[in-house]
Structure formats: C-alpha cells, structure tokens
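Worksheet: the structure to be examined is printed underneath.
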Amino acid sequence: MVIQTFRTVQDMRTQVTAWKATGLRVGLVPTMGNLHAGHIALVKAALAQTDRVITTIFINPTQFGANEDLDSYPHTEAADSEQVADAGGHAMFIPSSAEMYPAGFSTRVIVDGLTDCLCGAARPGHMDGVSQVVTKLLNQAHADVAFFGEKDWQQLTVIKRLARDLDIETEICGVPTVRDAYGLALSSRNGYLNAEEVDIARKLNVILKKAAYDIAAGGFAIDECMKAAKALMKAGFSGVDYVECRDADTLELLDRSEGRSCRIFAAVHVGPARLIDNHLVN
Ligand code: PAF
C-alpha cells in the first residue's frame with residue numbers, strides 16, 4: 001500500500017492545517033525508523049485517539065555519541081512506510097538532515113535535572129539531542145497528541161517536561177512497552193543480537209521484575225535489591241551501565257519506596273547492543 005510521504009516541514013504543515021480545518025485531530029508518532037511491533041503499537045494508540053496519524057522517520061545524528069551506532073543504524077524507509085500503511089497510518093514525515101538542521105543551526109534544548117542521570121549520564125549529550133529533535137518535531141507538526149514508548153521512560157519524562165515548560169500545546173502520551181513472549185522489550189537494537197545473545201537479553205526483564213517484587217514486598221532495602229540485581233546482570237551481560245530505583249515522575253534516586261510511584265531502570269550491554277528497560281514497583 002502506498003502512503004502519503006512529506007519531505008518538508010511546509011508540506012506536512014499544509015496537510016495538518018487542512019485536516020485541522022475540517023475538525024480532525026492529528027496524532028504524531030516520532031521514530032528513527034527500523035520499525036517493529038513496538039512502533040506499530042504507537043501508531044495504533046495514535047489511531048485510537050486521533051483521526052489522522054503522521055509517523056516520522058529521522059535518524060537524528062545529535063542524539064548519537066561519537067562511538068555509537070549512527071553509521072550502522074538501519075535505513076529501512078520503504079519497509080517502515082509499508083508497515084505503517086498496513087497498520088492504518090495516514091502519512092509519513094521523512095525529512096532530510098538539511099531540512100532538520102539547516103546551515104547555521106545553533107539552538108540547543110536542555111532539560112535540566114531530568115537529563116543528568118540514567119541514559120543522560122551514560123550517554124553524554126544523548127538526552128539533549130533527543131530534546132532538541134523532539135522539540136523541533138512537535139513545533140513542526142502542531143499535532144494534537146504525540147506518542148512515545150514507555151520503554152524509554154526517561155525520554156518520555158523529559159519530553160513531557162519540555163512540552164510543559166515550553167508551552168507546546170501537543171499532548172504527550174506514553175504507550176506501554178511491547179515485549180516478546182519471554183518479556184524482552186522490543187527494540188530496534190535487538191536486531192543486532194544472535195540467538196544466544198537474545199537468550200541473555202531476555203533475562204533483563206526477569207531480573208527487573210524480581211527486584212521490583214522484592215522492593216514492593218517490603219522485606220528488602222532498595223540498595224540491597226539493586227546490588228542483587230546488578231550481581232545477576234554482571235553474571236550474564238557484558239556490561240551494566242546502571243540499575244537504579246527512581247521516582248517515576250522526578251527521576252529522583254530513591255532509597256525508600258514508601259508512598260512514591262517508582263520504577264527500576266536498567267541499561268546493559270549484550271553482544272553489540274546496549275539495551276534499556278524499566279519496571280514499575282507496585
Ligand atoms: O525514541 C526514538 O526513537 C527517538 O529517540 C525519537 C523520540 C524519535 C527522537 O529521535
């Protein structure tokens with residue numbers, strides 16, 4: 001199926017304005033392409049809440065560090081567009097780098113406080129790059145609602161904060177993580193793993209769930225649970241960037257969970273991939 005594709009901000013805006021003029025609500029699903037069922041869940045959530053859905057594909061260079069996978073990140077535009085069309089999406093926005101960052105581009109978006117921990121600390125500059133490109137996409141599309149996965153909980157929290165702080169009218173909606181039959185959170189980076197590495201990767205959610213259960217059960221201090229989780233991770237994964245229990249809204253590091261909505265966050269390395277996940281402590 002062929003889907004309408006915009007390459008320029010102006011073309012996308014013209015269509016959004018026309019849709020809105022007839023009373024239609026517009027949903028935005030920002031992605032970096034290489035789509036999987038997790039992204040399609042975002043498209044479906046958008047279709048359930050809005051009348052017209054635009055999926056964006058832009059592999060944003062400013063959110064990749066020097067030794068990360070920008071150069072090898074898969075470009076799968078045709079297959080991605082087909083998946084979105086099959087799911088019922090209405091349009092794609094696939095801008096060039098020059099459209100997003102014209103010569104002389106010099107504006108940064110820094111969300112203080114929420115970006116100096118977790119992936120913000122482990123991948124310096126990453127969260128600033130995400131904040132920059134998402135601010136641009138939200139301003140470009142003027143959608144009614146934009147949809148982001150809860151797997152990247154810190155990213156979702158940062159985006160909610162910047163939208164609030166900068167008076168961006170688009171509502172930010174989180175969509176639950178999609179997992180495989182063994183609980184592994186779907187990620188474009190899972191595609192880098194061989195079968196043996198997938199088996200290791202599947203242990204991540206099991207370890208997080210156990211830690212969340214132990215904290216919720218109340219018998220264990222948070223730092224003991226985190227130490228135990230880290231020890232289990234170190235036995236399987238080639239590296240652990242962090243495993244931490246934090247307030248779900250402020251991302252403040254917690255040593256006691258009482259009365260707080262908290263989540264356990266982890267980033268680990270397996271084979272060539274760096275994987276993240278998070279789990280609610282009930
Ligand atoms: O989550 C992603 O795929 C990216 O970080 C996003 C939100 C599309 C910004 O480039």
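Whatever order the structure lists ligands and atoms in, that order sets their numbers, starting from 1. Count residues from 1 along the sequence. Heavy-atom basis, side chains included; hydrogens, waters and symmetry copies ignored.
- When each atom of ligand 1 is checked for a heavy atom of Thr31 under 4.0 Å away, the hits are 8 (C).
- For CZ of Arg108, the number of neighbouring non-hydrogen atoms (other residues, nucleotides, ligands) closer than 6.0 Å is 12 at most.
- In terms of N/O distances under 3.5 Å, ligand 1 is approached by Gln155.
- Salt-bridge check for Asp241 with Arg274: passed, with a basic side-chain N closer than 4.0 Å to an acidic carboxylate O.
- Within the listing of ligand 1, atoms 9 (C), 10 (O) sit less than 4.0 angstrom from a heavy atom of Val133.
- The backbone N or O of Ser131 sits nowhere less than 3.5 Å from a side-chain atom of Gln63 that would complete a donor-acceptor pair.
- Contact check for Gln140 versus Met100: side-chain heavy atoms found under the 4.5 Å cut-off.
- Contacts between Leu137 and ligand 1, counted as non-hydrogen atom pairs separated by less than 4.0 Å, are absent for every part of the residue.
- Contact of the Arg179 side chain with the Asp277 side chain is registered, since non-hydrogen atoms from C-beta on lie closer than 4.5 Å.
- Considering backbone and side-chain N/O atoms, Gln63 comes within less than 3.5 Å of an N/O atom of ligand 1.
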